[in-house]
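Notes for the one structure printed next.
Basis for what follows: all heavy atoms, side chains included, without hydrogens, waters or symmetry-related copies.
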Amino acid sequence: WNEKAYHKHRSRIETVFAGSQARNGNRVRERLVKTRRRAVELLAVAHNLRTVIRLGVQALQTFIRQLAGWQNP
């Protein structure tokens with residue numbers, strides 16, 4: 001446990017989710033821990049996809065190739 005590192009990274013993570021919530025109205029409404037975790041992971045994937053799309057088609061193609069390689073090791 002490193003409290004200094006915790007506070008450093010906490011603000012970065014919360015910034016991403018606060019921005020996502022402000023832009024899209026995303027909120028985690030699930031009650032079970034495992035479904036909350038899935039919801040948060042899907043929010044992160046959606047954020048990453050929006051970022052890649054914003055970067056352009058070439059970045060999207062690279063992302064899809066990496067994703068395909070990740071699914072089929």
Listed partners of R10 passing side-chain hydrogen bond (donor to acceptor under 3.5 Å, both in side chains), at least two apart: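 Counting only residues at least two positions away or on another chain, R10 forms a side-chain hydrogen bond (donor to acceptor under 3.5 Å, both in side chains) with E14.
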Validation row: T51, R54 side chains within 4.5 angstrom (heavy atoms):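 Yes, close enough: below the 4.5 Å cut-off.
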Atom pairs and distances, side-chain donor-acceptor, residues 34-45, under 3.5 Å, sequence neighbours left out:
from	atom 1	to	atom 2	distance (Å)
T35	OG1	L32	O	2.9
R36	NE	E30	O	2.7
R36	NH2	E30	O	3.1

